[in-house]
Amino acid sequence: MLQLNFLREHTQEVIHRLEKRGNSNYKSLVEEAIELDKQKRDKQAETDGLLSELNKASKEIGMLMKSGDRKAADAAKAKIAEIKTSSQAMKQELTDLELRLHGVLTQIPNVPHALVPPGSTEDDNQVVETAGEIPVMSNDSKPHWELADEYNLIDFQLGVKIAGAGFPVYRGKGAKLQRALINFFLAEAEKSGYEEIIPPFLVNEDSGFGTGQLPDKEGQMYHVTEDDLYLIPTAEVPITNIYRDVILKADELPQKLCGYSPCFRREAGSYGKDVRGLNRLHQFEKVEIVQICKPEESYGLLDEMISHVKGILGKLELPYRVLRLCGGDLSFASAITYDFEVYSAAQKRWLEVSSVSNFETYQSNRLKCRFRGEEKKTALVHTLNGSAMALPRIMAALIENNQTENGIVIPEAIQTFTGFDKIDK
RNA sequence: GGAGAAGUGGCAGAGUGGUCGAAUGCACCGGUCUUGAAAACCGGCGUACUGAGAGGUACCGGGGGUUCGAAUCCCUCCUUCUCCGCCA
């Protein structure tokens with residue numbers, strides 16, 4: 001959620017910068033928020049004045065009662081009856097205005113950073129870096145879903161039987177490779193100074209709101225209605241919500257946390273080649289990194305997180321590129337996002353494996369996560385997060401790119417985690 | 001799941017209808033004293049909105065209600081603790 005005072009003081013700038021997202025609707029939402037805010041504050045002042053009168057009168061009645069002057073007390077009661085009635089009506093109007101304002105504010109996405117390129121589709125994303133050698137594959141190289149079957153690593157059909165499409169069953173060396181990768185990612189995060197967290201995999205509505213999944217993206221999450229809980233779409237949600245309603249000391253920042261979790265996504269509306277094999281799933285595994293920091297250090301830390309992800313991809317010996325997402329591709333809560341894609345040699349396409357974002361104060365304003373600065377005043381923190389990494393597409397690229405006539409070769413960096421250096425039949 | 005008890009500021013803990021945003025202690029910050037430290041003493045010490053300021057308003061687990069007035073009474077939900085049951 002954008003901060004109201006920023007919205008007030010930089011209205012035109014906000015409108016202008018939101019244009020990068022390619023949705024003309026935001027201008028009117030911003031203007032509506034400004035107007036509602038003004039009405040709300042006027043109503044607030046009016047209501048406060050009335051309540052002040054009421055409080056004063058109540059105290060006087062109290063004193064009269066104490067001195068035993070019942071008659072005078074009753075007279076005073078009668079006198080403020082009218083004020084009481086109108087204050088109640090006014091309170092109701094104030095509540096309505098607050099709700100409407102809140103409703104509008106939650107529909108306005110974060111303001112894109114100056115570096116974010118304008119544009120509406122993924123074609124407008126900027127490639128800021130490409131690294132690694134794209135392997136030259138023979139013509140009979142196979143996509144990962146065929147390899148997974150051939151080497152008995154993943155059984156997609158079995159998953160359909162047990163749960164449904166998008167819930168694969170990993171088995172044997174497939175399961176071991178997955179687990180090894182998780183441990184490798186966690187070990188890398190630990191080396192970079194992140195504290196490991198195992199969070200709840202279901203969250204309540206407040207948490208969903210705090211990180212921006214609710215109320216807008218309700219349909220993306222699995223909802224357990226019986227208990228009103230949501231299956232997490234990413235560990236970002238529970239981990240960032242650790243800091244909901246928290247005031248940190250300046251010297252406690254930055255906070256660096258990481259965590260492994262399964263991720264559940266309904267992915268309503270996806271179809272075609274995008275969902276083949278491991279490309280898009282309802283349940284997948286991921287290691288997430290999260291930082292909570294002072295505003296002035298967040299862009300430095302964003303670079304640090306980007307380097308962290310690059311380091312991992314380098315060790316996995318996967319060719320990758322880094323994209324700076326355009327306004328139209330930027331997620332709702334993000335100010336700037338860098339996507340990492342690895343090249344999947346047999347599918348001959350780039351697959352997104354990580355997304356690193358700075359949310360600035362957009363999430364912290366919802367979370368009410370602040371820190372106490374130099375002059376004892378509180379200020380909102382910046383929040384950042386990134387995948388490091390999402391498992392399925394890493395797995396897909398690894399087995400496709402490393403397939404040979406005699407099996408699938410495991411990159412050296414993870415051999416200590418797998419306990420084997422090759423997958424064969 | 002059943003029965004009972006309880007939820008107050010960073011922590012501990014008073015307060016059961018009326019100058020209570022809340023005693024007191026600890027912690028913390030500033031000062032006096034001291035060569036320095038400790039002790040002692042003095043002062044400060046929740047969050048948010050609003051106002052140029054003085055100040056005003058809201059918040060005592062969440063929500064609702066009674067009342068001129070609620071931390072205090074009522075309803076409801078949540079959480080914690082104790083006992084019983086069940087269980088990885």
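Proteins get letters first, then strands, A, B, ... in listed order; numbering begins at 1 in each. Computed over heavy atoms, backbone and side chain alike; hydrogens, waters and symmetry mates excluded.
Test A:Y194, A:Y338, A:F340 against A:H308 for ring pair (Phe, Tyr, Trp, His ring centres under 6.0 Å) and you get one pass: A:Y194.
Pair check for B:U57 finds B:A48; Watson-Crick or G-U wobble, both atom distances under 3.5 Å. If you check B:A22 for Watson-Crick or wobble pairing at under 3.5 angstrom, you find it has no partner at all. In this entry B:U35 has no Watson-Crick or G-U wobble partner, no candidate having both defining distances under 3.5 Å. Judged by Watson-Crick or G-U wobble contacts below 3.5 Å, the nucleotide B:C83 has B:G2 as its partner. When both pairing distances are held under 3.5 Å, B:A71 makes no Watson-Crick or G-U pair with any nucleotide shown.
Remark: the separation of the C1' atoms in B:G1 and B:A71 is 33 Å, to the nearest Å. For B:G7 and B:G62, the C1' atoms lie 12 Å apart once the distance is rounded to whole Å. As rounded to the nearest Å, B:A22 and B:A70 have P atoms that lie 16 Å from one another. Taking atom C1' in both B:A38 and B:U32, one finds a spacing of 15 Å when rounded to whole Å. The P atoms of B:C86 and B:C28 are separated by 49 Å, rounded to the nearest whole Å. Using C1' as the reference atom, B:U72 and B:A14 are 13 Å apart when rounded to the nearest Å. Nucleotides B:U50 and B:G2 have their C1' atoms positioned 50 Å apart, rounded to a whole Å. B:G61 and B:G15 have their P atoms separated by 15 Å, given to the nearest Å.
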#### Entry: Candidate pair A:Y320 and A:E341, rule side chain to side chain donor-acceptor pair (under 3.5 Å), full reasoning
CA-CA 5 Å; A:Y320 67 90; A:E341 297 181 334; over 6 Å; no
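Atom CD of A:E122 sits in a sparse spot, with 12 or fewer heavy atoms from other residues, nucleotides or ligands closer than 6.0 Å. By the neighbour-count criterion of 12 heavy atoms within 6.0 Å, atom NZ of A:K176 is sparsely surrounded, having that number or fewer from other residues, nucleotides or ligands. Counting heavy-atom neighbours within 6.0 Å of A:L158 CG, excluding the residue itself, gives a total above 12. In A:E31, the CD atom is crowded: over 12 heavy atoms of neighbouring residues, nucleotides or ligands sit closer than 6.0 Å. The environment of A:E412 atom CD is sparse: at most 12 non-hydrogen atoms of other residues, nucleotides or ligands sit within 6.0 angstrom.
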### Task
Between protein and nucleotides 49-69 of chain B, map the contacts as a letter string: B base, S sugar-phosphate only, - none, heavy atoms under 4.0 Å, written 5' to 3'.
SS-----BSS---------BS
Taking distance alone, no hydrogens or angles, what donor-acceptor pairs closer than 3.5 Å link side-chain atoms of residues 104-121 of chain A to residues at least two apart or in another chain?
{"residue": "A:T106", "atom": "OG1", "partner": "A:H102", "partner atom": "O", "Å": "3.2"}
{"residue": "A:T106", "atom": "OG1", "partner": "A:G103", "partner atom": "O", "Å": "2.9"}
{"residue": "A:Q107", "atom": "NE2", "partner": "A:G103", "partner atom": "O", "Å": "3.1"}
{"residue": "A:N110", "atom": "ND2", "partner": "A:A333", "partner atom": "O", "Å": "2.9"}
{"residue": "A:N110", "atom": "ND2", "partner": "A:F359", "partner atom": "O", "Å": "3.2"}
{"residue": "A:H113", "atom": "ND1", "partner": "A:L115", "partner atom": "N", "Å": "3.0"}
{"residue": "A:T121", "atom": "OG1", "partner": "A:D123", "partner atom": "N", "Å": "3.3"}

What are the atom names and distances for every N/O pair under 3.5 Å that joins the protein to nucleotides 46-48 of chain B?
{"residue": "B:U47", "atom": "OP1", "partner": "A:R372", "partner atom": "NH1", "Å": "2.4"}
{"residue": "B:U47", "atom": "OP1", "partner": "A:R372", "partner atom": "NH2", "Å": "2.8"}
{"residue": "B:U47", "atom": "O3'", "partner": "A:R370", "partner atom": "NH1", "Å": "2.9"}
{"residue": "B:U47", "atom": "O2'", "partner": "A:R370", "partner atom": "NH1", "Å": "3.4"}
{"residue": "B:A48", "atom": "OP1", "partner": "A:R370", "partner atom": "NH1", "Å": "3.1"}
{"residue": "B:A48", "atom": "OP1", "partner": "A:T378", "partner atom": "OG1", "Å": "2.4"}

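Between A:I154 and A:W145 the shortest side-chain heavy-atom distance does not fall below 4.5 Å.
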